[in-house]
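A short write-up of the structure that comes next.
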Amino acid sequence: MTMANDIEIETPHVVGTMTMAAAINRALADAIAEDPDVVVFGEDVGALGGVFRITDGLAERFGEDRCFDTPLAESGIMGTAVGMAMNGMRPVVEMQFDAFALPAFEQVVSHVAKMGNRTRGAVRMPIVIRIPFGGGIGGVEHHCDSSEAYYAHTPGLTVVSPSTPQDAYSLLRAAIASPDPVVFLEPKKLYWSKGEVDTSVTADLGTARIAREGTDVTVLAYSAMVPVALEAAEIAASEGRSVQVIDVRSLSPFDDATVTAAVRSTGRAVVVAEAPGYVSVASEIQARVFERCFEYLEAPVRRVTGFDTPFAPPKLEHWYLPDADRVLDAIDSLHWDDDAEGAAR
Amino acid sequence: MTMANDIEIETPHVVGTMTMAAAINRALADAIAEDPDVVVFGEDVGALGGVFRITDGLAERFGEDRCFDTPLAESGIMGTAVGMAMNGMRPVVEMQFDAFALPAFEQVVSHVAKMGNRTRGAVRMPIVIRIPFGGGIGGVEHHCDSSEAYYAHTPGLTVVSPSTPQDAYSLLRAAIASPDPVVFLEPKKLYWSKGEVDTSVTADLGTARIAREGTDVTVLAYSAMVPVALEAAEIAASEGRSVQVIDVRSLSPFDDATVTAAVRSTGRAVVVAEAPGYVSVASEIQARVFERCFEYLEAPVRRVTGFDTPFAPPKLEHWYLPDADRVLDAIDSLHWDDDAEGAAR
Amino acid sequence: MQHEDLLPRDTPVALIDKDGATVSDEQYALPDAETLQRAYRGLVEGRRINDQAYALVRQGRLAVYPSSHGQEACQVAASMVLGDHDWLFPTYRDSVAVISRGVRPADAMVLLKGDWHSGYDPAEHRVAPQSTPLATQLLHAVGFAQAAKHRGEDTVVLALCGDGSTSEGDFHEALNFAAVFHVPVVFFVQNNEFAISVPLSRQTAAPSLAHKAIGYGMPGQRVDGNDVAALLAVLGEAVDRARSGGGPSLVEAHTYRMQAHTNADDDTRYRDRDEVKAWADRDPLSRMQVFLRAQGLLDDIAQQTIADGAETIAAALRDALNADSDLDPEDLFRFVTAERSPQLEEQWQLLRGEIERASLTDAGGHR
Amino acid sequence: MQHEDLLPRDTPVALIDKDGATVSDEQYALPDAETLQRAYRGLVEGRRINDQAYALVRQGRLAVYPSSHGQEACQVAASMVLGDHDWLFPTYRDSVAVISRGVRPADAMVLLKGDWHSGYDPAEHRVAPQSTPLATQLLHAVGFAQAAKHRGEDTVVLALCGDGSTSEGDFHEALNFAAVFHVPVVFFVQNNEFAISVPLSRQTAAPSLAHKAIGYGMPGQRVDGNDVAALLAVLGEAVDRARSGGGPSLVEAHTYRMQAHTNADDDTRYRDRDEVKAWADRDPLSRMQVFLRAQGLLDDIAQQTIADGAETIAAALRDALNADSDLDPEDLFRFVTAERSPQLEEQWQLLRGEIERASLTDAGGHR
Ligand SMILES: Cc1ncc(C[n+]2csc(CCOP(=O)(O)OP(=O)(O)O)c2C)c(N)n1
Ligand SMILES: Cc1ncc(C[n+]2csc(CCOP(=O)(O)OP(=O)(O)O)c2C)c(N)n1
Ligand SMILES: [Mg+2]
Ligand SMILES: [Mg+2]
């Protein structure tokens, strides 16, 4: 799907190395600067600049009416965002942590996702819901969940998650420019990872990105699992196996075209996601790939995911989180020629 | 998985034909009668007997302290249920309609599902959350959603849905007897469908049920889609195709043993669910079956689901809901011998 | 404003009693004659719409109708106190208020007929879609007002909800956000004594719902919800305060739901007929009729003209709803997002194939 | 009770002022000497625990610590007013109150150390797990009290939350349910002026948070949150009322969060050092010390004994947290449900295989 990114970039373009946190901050600042309808709000996003400092300096630079703190109530934040969107604004709201977006769930599902449909397009919802998500930072209970499945399952929501500073910038700009609601999931673990960012580069919502070329097997990952997949690919390469890595990046809608072509070309696939695997984005990807690539598959598509348990406490999270080894194990199981079961097939 | 249903049934057993609504009512009454810790509450469940009359007569028969109305606040209902469960009760709460359970989502995900894990088993949550769900009754917006994916994805929750009055009775008794929280999804469309109920029959949470034997293809369905699957099977039989129908019934945890054995025996499978298909219970089942039965499959597993759109308005819902024809179309696509593509494989 | 001024009166504000006699009030003046005449016409039309819709449900032309029979004074006042550029945020029960704002009756009934989820463009008459999830719309109203304030517009927003809805968390969050951001929203609670079957005593132990206002730092007031004059005065003051930068306020109207919750409900299960009868004596229409007649503001001819006007509205509603809907299944895919994703297009093609095959075989069944 | 009696005072109840002088009060009596001596010991121990935990964070032995430094009077009073069979529902900031109830300090820190999500059996000391999702625990407290009432037990439940948390919908629903069901819950808001960086003025426009009580039909009261004597009196009265069937009430304590929200926070970004300094003058410990000394209820020896006791607690906490945790990864699968599903067993076997392989190669990495 191509969604035209029709922003006229007026601020001078920047090219440079920055953290994902800085890239998101920059995207917010550029959007506020360019479009008077963009407002950023949530808990602690003003003077503090957010608990992760993602909105650092925005209130100071653009004033209290462009970036401001709300009372501590997530349904309130989401519900007022709906009203603002009805009245011509483009709210970008921050949910402080993934589990703390849950009080807003009714507003998201019953209104944010449905208002455009309800009104036959008369009232669209250009809202961006930013949610820091996932683990890997040693956070305590309720601070490390991955709840993308809840949003991706909900018709009407676009759900994206970046794995690089460049995508963080470009996808957030596209999300803010979108006429429809976008859930923008920020991998906390990658906030301080660095990369090159060119602010003139655009990205289309609804598209996957090929993160590494490869010919033997396709690993489909998103967000904080993309570096894990790339690490696995690197190790596999040293063992003589060529691993293609696709950064799914758009969790809804899904870029079937890119993914199907990729898996058909390699004939093998592994899906990697951090969230509990049951009824998840990973299961969806696995099912789709299976169905669309059935005739081309040399082996069953595997998934590597978090366990179907509540997220682990900090001291145990290294056992919970999928790592390169777990990905490599899954790859190893894909009926290779030197593999009896595979050969029998 | 077998979870012992260790209720001592003291009321005389009943065998007879009744609606699913009556079977649920009977299960609630029997549970209240037998266990002083069971309380039923929610919106309009008292004098009115619930908007679907499922709790009809309970308040009158057992008194206001066993079945009662609450203030109109779903998070309040769920949150107080958590507190009651902490203090030794077995709350059975009713959410009036599926979309109106959403305000309680934080309590469900952050506490109901996690309390047992958080306290290392010291505090379990024997809560049953009854939710009338699904369409097919001509309900207006927000009255026909199918949100099982949200619950099934959440670790710690058991999720079941009956398709017959017998299962409605037996599964609800098992749910109330369970030490853990159970989301009990009631197909509104089947409330007035009738069937034989023997109250001495027990059912284990976590198990699927073979609803019809068959040898050519396995249709996996649950809740209101089971009658649809059975109808399709009946038509297929008249066309010379033997369709096995499995009532999945436990949406979490999943009965892999039964399902895997079934699909391996037929070599073909179709998953049927009413909810939007994307990131859904249907995708999970499809993915699992694919992965576990890969070597046995004659054709890709297909799914027949609701569209990835908000639920249709009453006058359009017949186009939205999966019906026997759609299931038969999916079955037809499964590379049969008389099918060129299938033969080529 | 002093803290005590945020508290409501101990008894609801009333200007015309149930027998049509005026009640003098130090704070609130009786609206002028022309306003009251207009209000009366609104009441008659509102009642007619309620009764017509009720009949259409029985005839199977509407799927469901939550009637405001008995609450027409609230409905009419809510609409009349707003200026043209102000906005109304109604619930499922507020069809009469929606229609009073100018929305075509048939468009207001699209949801209840089952054709679509809403039948009018909100911007056209400054009426948000009628909200079903309780209390959620109150937050939308606040956000809407925040945006207006942000742009320096003097839009006032009036948001409706029922007594039961005050128990929802969103009610609390909406009033709190409105007060903290000091935005021009009037929260108008129609306390009709019931939330489906649940009586007010199960919703709150407070002296009144209007006593909640002080907890947010906004004024609360109580008013006789069957007295359109008092409603116009109290709501009018609240709207004026909001427009002049005085911030939000909470108005609780004491009224009664004369019919069952909807046609699907059976109110004999939970309330006495005597109670319903007692409230019939306090009907909002009859007291105005008596009052206007006594004041010489209504004669037989005017009465007939009003009745005829109401009949015309009812006839149009009947006609519109008796016509069969012409619905396009592709609409299911048209509005989900601005641009249709390939994923949805694929699904539409599946359905399109089914529809085409169905039209080839017989009308209706697919196979 | 008259409606006006539900309103709090205009100024918080105080019994001992910041300089340690008594303030006379018509309604609330000063607690007896022995109680105040016990309270003082609690304050000193609480402060020591706060400071020790803070140090342990710096040493990397605790992942995070939301300190109640400055709020110890609230913490100690909340614990002391409860009887043995009463229950406390605390938040992440209430570790001192939790420990005051008898929970071992090291067990209270399990969450913050990162070993597990909670470290004590709630039933042992009648303390619910510390709640992180704001205001959610207030509903648990209400349900807990409903169950106690249902069984005819006279348990009182005291539920804690912060000023920011009063903005959440769950706060509203909890107070409303408690009032409607007339259950024995004391809602105790520690208004420490901030929710992380957000000041009280962004949470509410109300005259006080205690003014919310009347909107639920329960009494509200305000108290100096750094005056343990006043807290004991006001909370004690609320607990007595609840126990004797008088229903729930709301108490707001005016206090101050002297440190940053947690170690991860930087409070120089949003508040003046002068403000913090001004509150240091109102410290809950020093005023009690001055008071007790002046009354002859505390001498050097007693002071030293108390300090030594606090030091012993701190040392035990240090020792416990300096010990490396012995954690079993299978715990991830043990408690999700009472019985482990085949689905989870399969996943555990996967992990077990990895762990075994890891132990065969090197310690830590898998492959
Ligand atoms: C969040 C939510 N919960 C439950 C319902 C179901 N429901 C529809 S109307 C109603 C009663 C509402 O009572 P009240 O607010 O007093 O309004 P009234 O119908 O009396 O006008 C209920 C429980 C709903 N629509 N939304
Ligand atoms: C539902 C929810 N939203 C957001 C958070 C993140 N959070 C943790 S503490 C806090 C501030 C709480 O302020 P307050 O209630 O005043 O308590 P205090 O920390 O001052 O004791 C926030 C926003 C949370 N824990 N839960
Ligand atoms: Mg009502
Ligand atoms: Mg605070």
Side-chain angles (χ1 to χ4, degrees), chain B residues 1-4 36-37 39 41 65-66 68 70-89 91 103 106-107 109-111 113-126 155-158 178-181 205-206 250 252-257 288, chain D residues 87 89 110-111 116-124 128-129 131-133 135-151 153 155 157 159 168-170 172-181 183 185 331-346:
Chain B
M1 182 174 56
T2 51
M3 283 186 174
D37 296 331
V39 280
F41 56 96
D65 65 333
R66 304 300 299 283
F68 56 89
T70 65
L72 212 174
E74 295 78 10
S75 188
I77 293 168
M78 201 65 74
T80 53
V82 169
M84 286 187 212
M86 291 178 80
N87 201 357
M89 313 288 293
E106 181 193 29
Q107 287 285 355
V109 174
S110 289
H111 292 301
K114 288 183 174 154
M115 186 68 82
N117 188 64
R118 177 180 307 142
T119 60
R120 303 177 73 89
V123 181
R124 300 236 68 98
M125 292 276 110
L157 298 179
T158 297
S178 167
D180 293 306
L205 302 175
S250 175
S252 177
F254 192 74
D255 184 354
D256 284 306
R288 288 183 103 73
Chain D
W87 273 71
F89 279 71
V110 161
L111 168 73
W116 198 256
H117 313 297
S118 179
Y120 50 90
D121 178 349
E124 197 181 338
S131 181
T132 302
T136 55
Q137 75 281 2
L138 304 178
L139 280 163
H140 307 168
V142 175
F144 197 97
Q146 279 181 279
K149 187 178 169 181
H150 175 82
R151 287 198 299 265
E153 296 159 2
T155 316
V157 180
E168 290 280 7
D170 274 7
H172 175 71
E173 299 189 12
L175 270 74
N176 194 43
F177 271 61
V180 166
F181 290 116
V183 289
V185 180
D331 280 0
L332 291 176
F333 302 89
R334 280 206 173 96
F335 312 110
V336 183
T337 43
E339 199 176 327
R340 197 180 305 180
S341 68
Q343 193 176 317
L344 282 189
E345 179 58 22
E346 193 179 297

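Residue numbers start from 1 in every chain, and the chains themselves are labelled A, B, ... in the order their sequence lines are given, proteins ahead of strands.
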Q. How many angstroms lie between CZ in D:Phe333 and CG in B:Asn117, if you round to the nearest 0.5 Å?
A. 10.5 Å
Q: Counting only heavy atoms closer than 4.5 Å, note whether B:Pro103 contacts chain D via side chain, backbone, both or neither.
A: neither
(Q) Using heavy-atom distances under 4.5 Å, tell me whether D:Ser131 contacts chain B through its side chain, its backbone, both, or neither. (A) side chain
Q. When rounded to the nearest 0.5 angstrom, what distance separates CD in D:Glu346 from CG in B:Asp256?
A. 6.0 Å
Q. Is it the side chain or the backbone of D:Tyr120 that comes within 4.5 Å of chain B heavy atoms, both, or neither?
A. neither
Q. Measuring heavy-atom distances to chain D, does B:Ala73 have an atom under 4.5 Å in its side chain, in its backbone, in both, or in neither?
A. both
Q.
Can a side-chain donor-acceptor contact be found between D:Gln137 and B:His111 if the only test is distance below 3.5 angstrom?
A. no
**Q.** CZ on B:Arg118 to CZ on D:Phe335, rounded to 0.5 Å
**A.** 14.0 Å
Q) So which of D:Ala338, D:Gly119, D:Ala141 has the largest heavy-atom pair count under 4.5 angstrom toward chain B? A) D:Ala338
(Q) Taking side chain as everything from C-beta outward and backbone as N, CA, C, O, which of these in B:Arg124 sits under 4.5 Å from a heavy atom of chain D? Side chain, backbone, both or neither. (A) side chain
Q: For residues D:Phe181 and B:Pro71, report the shortest heavy-atom separation together with the two atoms involved.
A: CE1-CD, 3.7 Å
Q | Structural part of D:Glu345 lying under 4.5 Å from a heavy atom of chain B | A | neither
Q | D:Thr337 versus B:Gly156, closest heavy-atom pair with distance | A | CG2-O, 4.1 Å
Q: Could you list all the side chain to side chain donor-acceptor pair (under 3.5 Å) pairs where at least one residue sits in residues 71-87 of chain B, not counting sequence neighbours?
A: B:Ser75-D:Asp170, B:Asn87-D:Arg151
Q) Is any NZ, NE, NH1 or NH2 atom of the basic residue among D:Asp331 and B:Arg120 found under 4.0 Å from an Asp or Glu carboxylate oxygen of the other? A) yes
Q) Counting only N and O atoms by type, is there a donor-acceptor contact under 3.5 Å from the side chain of D:Gln343 to the main-chain atoms of B:Pro253? A) no
Q: Evaluate the side-chain proximity of D:Pro133 to B:Lys114: yes if any heavy-atom separation is below 4.5 Å, no if none is.
A: no
Q: Measure D:Val336 against the heavy atoms of chain B and call it side chain, backbone, both or neither at under 4.5 Å.
A: both
(Q) Shorter than 4.5 Å, heavy atoms on both sides: which option in B:Val123, B:Asp37, B:Val39, B:Thr70 has the most such pairs with chain D? (A) B:Thr70
Q) Short question: side chain of B:Gln107, backbone of D:Thr136 - any donor-acceptor pair under 3.5 Å? A) yes
Q) Given that the side chain runs from C-beta out, which part of B:Leu72 has a heavy atom under 4.5 Å from chain D: side chain, backbone, both or neither? A) neither
Q | Distance in Å, D:His150 NE2 paired with B:Phe68 CZ, rounded so as to fall on 0.5 Å steps | A | 8.5 Å
Q) With a 4.5 Å limit on heavy-atom distance, are the side chains of D:Phe144 and B:Val82 in contact? A) no
Q. Going through the distances and angles, do B:Glu106 and D:Glu168 end up as a side chain to side chain contact (heavy atoms under 4.5 Å, CB included)?
A. CA-CA 12 Å; B:Glu106 181 193 29; D:Glu168 290 280 7; 5.7 Å; no
Q: With sequence neighbours left out, write down each residue that passes side chain to side chain contact (heavy atoms under 4.5 Å, CB included) with B:Ala85, or none if nothing qualifies.
A: B:Pro91, B:Met125, B:Pro126, B:Ile127
Q.
Using heavy-atom distances under 4.5 Å, tell me whether D:Ala148 contacts chain B through its side chain, its backbone, both, or neither.
A. both
Q. Which heavy atom in D:Pro129 sits nearest to a heavy atom in B:Met86, and how many Å separate them?
A. CD-CE, 3.8 Å
(Q) Taking side chain as everything from C-beta outward and backbone as N, CA, C, O, which of these in D:Ala128 sits under 4.5 Å from a heavy atom of chain B? Side chain, backbone, both or neither. (A) both
